[in-house]
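Read the numbers this way: they start at 1 and go in the same order the structure lists the ligands and their atoms.
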Amino acid sequence: MSKENILIINCGSSSLKFAVINPSNGDEIISGIAERLGEKESFIRWKFEGNKESITLDGGAHDAAVAALLHMLEEKGLKEGIAAVGHRVVHGGETFQESCLITEEVIQGIKDCIHLAPLHNPANLTGIEAAQKHFPELPMSVVFDTSFHQTMPAEAYTYAVPYKFYSEKGLRRYGMHGTSYRFVSQRVCEMLGMEISNSKIVIAHLGNGASCAAVLNGESVDTTMGLTPLEGLVMGTRSGNVDPNVFSFLNKEYGYSLDEITDILNKKSGLLGISELSNDCRVVEEAAAEGHKQATLALDVFCYVLAKQLAGMAVATGGVDALAFTGGIGENSDLIRAKVVKALSFLGFDLDEEKNLANRFGNEGVISTDGSRATALVVSTNEELMIAQDTAALIA
Ligand code: AMP
């Protein structure tokens, strides 16, 4: 077996997603997730050669998960084909403008960004430490969710609060989903035969977390997430933009603490909060189809806010050649795409209903009519492939 595959690790506080990818052709050789890490019933499940398999971890945490992952890769004869490990890290602050190989300084740099992502960066570091322990011979890279947005101009990333909070503590907008935006903007140009150096692309990455971005000539010039992933669009459980005085209002009216309100806005709001049913867009769409009023309202708010913010992204790019939908909702929900593309008709979009229905469930392609002045399309994002390609390039 040639040694060119990349092991991708995406470590959360109680889960660890992994995949082995061939960076040359994008083949996903194996992929899986370890869940409920640190709990009694932790387990790993994965998909390999079309089969789904799983093992229990008996209460093991991240270290046990990576040890089990190593054992499983050895058993399947996949370990010797792995050339390097690529880690996904959420926050690189202003320190990391691009992906890099892991060194002591890089680890310190990620630690220095913990105050910007207190939930995510420590978990990412745990994954890096476990991988270094169990795969000591392999070079490792880190790919940051924030780095693609480091090209945003100051007018797009500066909050209108006292400047010293930025200069002293780095309080500014950073944005997330950068790896997806980098992949999708390149893919849009491939699909439409456009030169990336001469392109105005607006992208909606709509998963359980959702944001949109303005990509001008291949560089991010604005995005809707901010200091944290809470800012911007309505999401599965996140509120997106609210009046910051919501904090004092909820404190005075209900006595909630800062942490409780942060938790409500991050975990109990969005589609879930309005519908009082689910954060899962499919469930909300099904309920709305059956006449559930709050589910209908949740979708209406989701689409209205999305269209309004996409139009804002078009200000950053100074017009739009292409609008791409990606992520679980963007790649599958014809309903949401239809509402949003119609709301943006003033920017030159004309929806092709048939193409919109055809491009779901893994199919990607244009969903606007041939006569449409601007092109709307669906792109299947592939953040793992981007991480694998970055890692392969870094070790080459
Ligand atoms: P992601 O975080 O990218 O995996 O996306 C998860 C979201 O995609 C969930 O809200 C799902 O409900 C949504 N999703 C997946 N398939 C569909 C579908 N067919 N229609 C609407 N939403 C979908």
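Side-chain contact between Ile102 and Ser141 is absent, with no heavy-atom pair separated by less than 4.5 Å.
Aromatic rings of Phe148 and Tyr181 (six-membered ring for Trp) have centroids beyond the 6.0 Å cut-off, not under it.
Counting heavy atoms only, Gly328 comes closest to atom 14 (N) of ligand 1 of the residues Gly328, Ser180, Gly207, Gly209.
Taking a cut-off of under 4.0 Å to the non-hydrogen atoms of Ser333, the atoms of ligand 1 that pass are 21 (C). Residue-ligand proximity, Asp280 to ligand 1, at heavy-atom distances under 4.0 Å covers atoms 10 (O), 11 (C), 12 (O).
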Between Arg182 and Glu219, is the salt bridge (charged side-chain N to carboxylate O under 4.0 Å, His left out) condition met? List the steps.
CA-CA 8 Å; Arg182 196 149 54 93; Glu219 291 189 344; over 6 Å; no

Test Arg36 against Glu41 for salt bridge (charged side-chain N to carboxylate O under 4.0 Å, His left out), laying out the working first.
CA-CA 7 Å; Arg36 300 197 187 164; Glu41 321 86 57; 3.1 Å; yes

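Considering His149, His120, His91 as possible partners of Tyr174, the one that fulfils the ring-ring contact (aromatic ring centres under 6.0 Å, His included) test is His91.
For atom 2 (O) of ligand 1, the closest non-hydrogen atom on the protein side is Asn208 N, 3.0 Å. Protein heavy atom in closest approach to atom 7 (C) of ligand 1: Ile329 CG1, 3.8 Å. Of the protein's heavy atoms, Cys281 N, 3.2 Å lies nearest to atom 10 (O) of ligand 1.
Salt-bridge check for Glu384 with Arg88: failed, with every basic side-chain N at 4.0 Å or more from each acidic carboxylate O.
Annotation: Phe361 places no N or O atom under 3.5 Å from an N or O atom of ligand 1; distance criterion only. By the 3.5 Å distance cut-off applied to N or O atoms, Arg282 is counted among the residues near ligand 1.
Contacts of Arg360 with ligand 1, taken as heavy-atom pairs under 4.0 Å, are absent altogether.
Under the 4.0 angstrom criterion, atom 4 (O) of ligand 1 counts as lacking any protein heavy-atom contact.
Side-chain N or O atoms of Asn241 include one that pairs as donor or acceptor with a backbone N or O of Gly232 at under 3.5 Å.
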